[in-house]
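Report on the following structure.
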Amino acid sequence: MVVSVAATGPGADAEPVRSTFFASRYVCNALPRIIRAPPPPPPPHETEPASVPHSRGHAAAMVLSHASSSRDDAIASTFASRYVREQLPRYRMPERSIPREAAYQIINDELMLDGNPRLNLASFVTTWMEPECDKLIMDSINKNYVDMDEYPVTTELQNRCVNMIAHLFNAPIQEDETAIGVGTVGSSEAIMLAGLAFKRKWQNKRKEQGKPCDKPNIVTGANVQVCWEKFARYFEVELKEVKLSEGYYVMDPEKAIEMVDENTICVAAILGSTLTGEFEDVKKLNDLLVEKNKETGWDVPIHVDAASGGFIAPFLYPELEWDFRLPLVKSINVSGHKYGLVYAGVGWVIWRSKEDLPEELIFHINYLGTDQPTFTLNFSKGSSQIIAQYYQLIRLGFEGYKSIMENCMENTSILREGLTATDRFEIVSKNSGVPLVAFSLKDSSAFTVFDVSDNLRRFGWIVPAYTMPPNAEHVAVLRVVVREDFSRSLAERLVSDIVKVLHELDARAAHAVKVASVAVAQSDDGVVAGKSVMEIQREIATRWRKAVDKKKTGPC
Ligand SMILES: Cc1ncc(COP(=O)(O)O)c(C=O)c1O
């Protein structure tokens, strides 16, 4: 048998280290050329009991006593081992290794307490893919995307995705011309890159004209996703937000145009507002901006944040003009991991033409082999999501995406109708746009949407509740995103669970009023005894409201 370095160190024969393939002595030493009989097992008294406390340098502390014989190996169970009896490390890396089975079990057990992703109706992000694609993802999990020379096929697949998405967005390119775009970690990174390109182009132009270029701004609706606020803060661009109003939850193009000035690097329109799923009117914005640019001599462009809508509009609303068909639309982002139907970790940004992406933002590295152009915020990243995106594009094709989006819309209708039938909710979202239902309570005097959200958690559902941005903060809504894997039966089930929650909350509110009435009636200060049940109820509702007002489980 091989004698290894590890065999002389602390815990040399302990199961944990032995079972970790690349840490084991078997791969650290030359393989034996002559087969010899293995040494006999140590006598039982030489092993330590499992409960011996361990510390650095205590040679036998990690030894699992029951693992010392092959018979005991067979009965040793993770749940009988000390690994699950000891407190888990939270702040410092543990001194000693543990067996992989134990590590898996311990982590898996904790993760059971996470929500179920399929029931997470807060997120647009894909939670189900076909097993064949899961396999491709696992097969490429060890490929660093940035090693383009080493993984040229992966690079080629990303380029094909860029071309396909650019064509889907009607980029003005020939059938076999390469499109300008890049795969990103998500729409947030895509938006940072698009924003940087706009900023640099604007700065270059201002410098050429001998004008100041230190106060760039972007005009958006107040409904923009947080990534725009991040971009503005991280890259020092002022965000000029068009305020919303009750009943109008997207950017008003006319108000946006009023806010445009010579320092505006772009106007950002959203195809699929995070809050209500509504598509902003990009065509109207384009037409108004063309006029304004003509009048002023500026050339303010448009970026479309199609994080959710980019993989919906081409299939469900092919006539809708929101993309590169409009001359001022210079770049578009889309989340591959939303309706692009890939698990979290992929987004795309496509530019109209080469001229819209300043060359100086592209870095060229050659130390990995050939010349590699990169325009991303980070360097290394996984390849799996890019490969998975390519899988979805060729596996589903236009036909498959269309059919999935239609199904999502049908399930959205089922949900909307079910909620409307309760007569308790106002539907805030529109019937078109991203398949989601945003709804508010018609009467929030006894409980709020936050209570409904909290109580739905008991059934496993994760439904976010949030207040609208300025100037519609007084409107609080619940939002259910309908993804591919949210089937009709789940939609029906959700409605019935919402009805149960409403009944429970009604009963609880009625009970609270009754208890308060008794207390008031029994009070002997004589002041509040005369209050009507209605007055007491209002007081209770006010107190509840105060308690929940601070609570905002925002959308993502
Ligand atoms: C309109 C919009 N833009 C950008 C984002 C950020 O997307 P990602 O999560 O892909 O970074 C979101 C996320 O929900 C969104 O809804």
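Residues: numbered from 1 along the sequence shown.
The existence of a salt bridge linking Lys215 and Glu238 is excluded, since no basic side-chain nitrogen approaches an acidic carboxylate oxygen closer than 4.0 Å. Using a cut-off of 4.0 Å between Lys/Arg side-chain N and Asp/Glu carboxylate O, Lys135 and Glu132 are scored as not salt-bridged. Salt-bridge annotation for Glu130 and Arg395: present, with a side-chain N of the basic residue lying under 4.0 Å from a carboxylate O of the acidic one. Residues Arg160 and Glu156 are paired through a salt bridge, judged by an N-O separation under 4.0 Å between the basic side chain and the carboxylate.
Listed for the Tyr343 side chain is a donor-acceptor partner under 3.5 Å among the backbone atoms of Met129. Side-chain N or O atoms of Thr374 include none that pairs as donor or acceptor with a backbone N or O of Thr376 at under 3.5 Å. With Ser123 contributing its side chain and Asn120 its backbone, the two residues share no donor-acceptor pair below 3.5 Å. A donor-acceptor pair is defined here as one N or O able to donate and one able to accept, closer than 3.5 Å; no such pair exists between the side chain of Asp305 and the backbone of Ala268. Without hydrogens or angle criteria, Lys338 side chain to Gly310 main chain gives no donor-acceptor distance under 3.5 Å. At least one donor-acceptor pair under 3.5 Å links the side chain of Gln392 to the backbone N or O of Leu341. Panel note: side chain Ser331, backbone Trp351; no donor-acceptor pair is recorded below 3.5 Å. Under a 3.5 Å cut-off, the side chain of His337 and the backbone N or O of Gly345 do form a donor-acceptor pair.
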Between Asp287 and Lys283, is the salt bridge (charged side-chain N to carboxylate O under 4.0 Å, His left out) condition met? List the steps. CA-CA 6 Å; Asp287 295 348; Lys283 168 104 176 76; 3.0 Å; yes
Tyr249 vs Asn223, side chain to side chain contact (heavy atoms under 4.5 Å, CB included): CA-CA, chis, key distance, verdict: CA-CA 7 Å; Tyr249 303 117; Asn223 52 321; over 6 Å; no
Check against side chain to side chain contact (heavy atoms under 4.5 Å, CB included), Leu328 and Val290: CA-CA 7 Å; Leu328 288 183; Val290 166; 3.7 Å; yes
Test side-chain hydrogen bond (donor to acceptor under 3.5 Å, both in side chains) on Tyr151 and Asn144 and set out the steps. CA-CA 8 Å; Tyr151 310 124; Asn144 185 356; over 6 Å; no
Can you list the steps and then say if Ser273 with Thr276 is a side chain to side chain contact (heavy atoms under 4.5 Å, CB included)? CA-CA 6 Å; Ser273 171; Thr276 59; 3.9 Å; yes
Given side-chain hydrogen bond (donor to acceptor under 3.5 Å, both in side chains), test Thr126 with Arg483 step by step and report yes or no. CA-CA 7 Å; Thr126 302; Arg483 296 187 304 266; over 6 Å; no
Residue pair Asp281, Trp322: steps toward the side chain to side chain contact (heavy atoms under 4.5 Å, CB included) verdict: CA-CA 8 Å; Asp281 192 343; Trp322 63 274; over 6 Å; no
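Of all the heavy atoms in Ile350 and Val162, the pair that sits closest is CD1-O, 3.8 Å. Here the closest heavy-atom approach between residue Val224 and residue Glu229 is recorded as O-OE2, 4.3 Å. Of all non-hydrogen atoms in Ile180 and Ser353, the two that sit nearest each other are CG1-C, 4.0 Å. The two residues Ile265 and Pro216 come nearest to each other via the heavy atoms CG2-CB, 3.7 Å. Across all their heavy atoms, Ile173 and Ala166 have their closest contact at CD1-CB, 4.1 Å. Across all non-hydrogen atoms, the minimal contact from His303 to Cys266 is CB-SG, 4.3 Å.
Between Glu321 and Val282 the shortest side-chain heavy-atom distance does not fall below 4.5 Å. At least one side-chain heavy atom of Met468 sits less than 4.5 Å from a side-chain heavy atom of Leu275. In this structure the side chain of Glu262 never reaches within 4.5 angstrom of the side chain of Thr296, judged on heavy atoms.
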For residues 399-408, run the donor-acceptor check on the side chains, cut-off 3.5 Å, and write out each pair with its distance to 0.1 Å, sequence neighbours left out.
residue	atom	partner	partner atom	Å
Tyr401	OH	Gly340	O	2.7
Lys402	NZ	Glu406	OE2	3.0

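Side-chain atoms of Asn204 and Glu208 form no donor-acceptor pair, as typed in the model, at a separation below 3.5 Å. A donor atom on one side chain and an acceptor atom on the other are found under 3.5 Å apart for Gln158 and Tyr145.
Counted within 6.0 Å of CZ on Phe398, heavy atoms from surrounding residues, nucleotides or ligands total more than 12; the atom is thus considered enclosed. Heavy atoms of other residues, nucleotides or ligands lying less than 6.0 angstrom from CD of Glu236 number 12 at most. Residue-environment remark: CZ (Phe363) stays at or below the threshold of 12 foreign heavy atoms within 6.0 Å.
Between Gln225 atom CD and Ser188 atom OG the span is 5.5 Å, to the nearest 0.5 Å. In this structure, CG on Asp147 lies 10.0 Å from OG1 on Thr154, to the nearest 0.5 angstrom. Remark: Ile387 CD1 to Ser140 OG distance equals 3.5 Å, nearest 0.5 Å.
Applying the side chain to side chain donor-acceptor pair (under 3.5 Å) test to residues at least two apart or on different chains, the pairs with a partner in residues 166-177 are Asn170-Asp323.
In this pair, Trp228 and Phe231 present their aromatic rings perpendicular. The plane angle is above 60°, beyond the 30 to 60° band.
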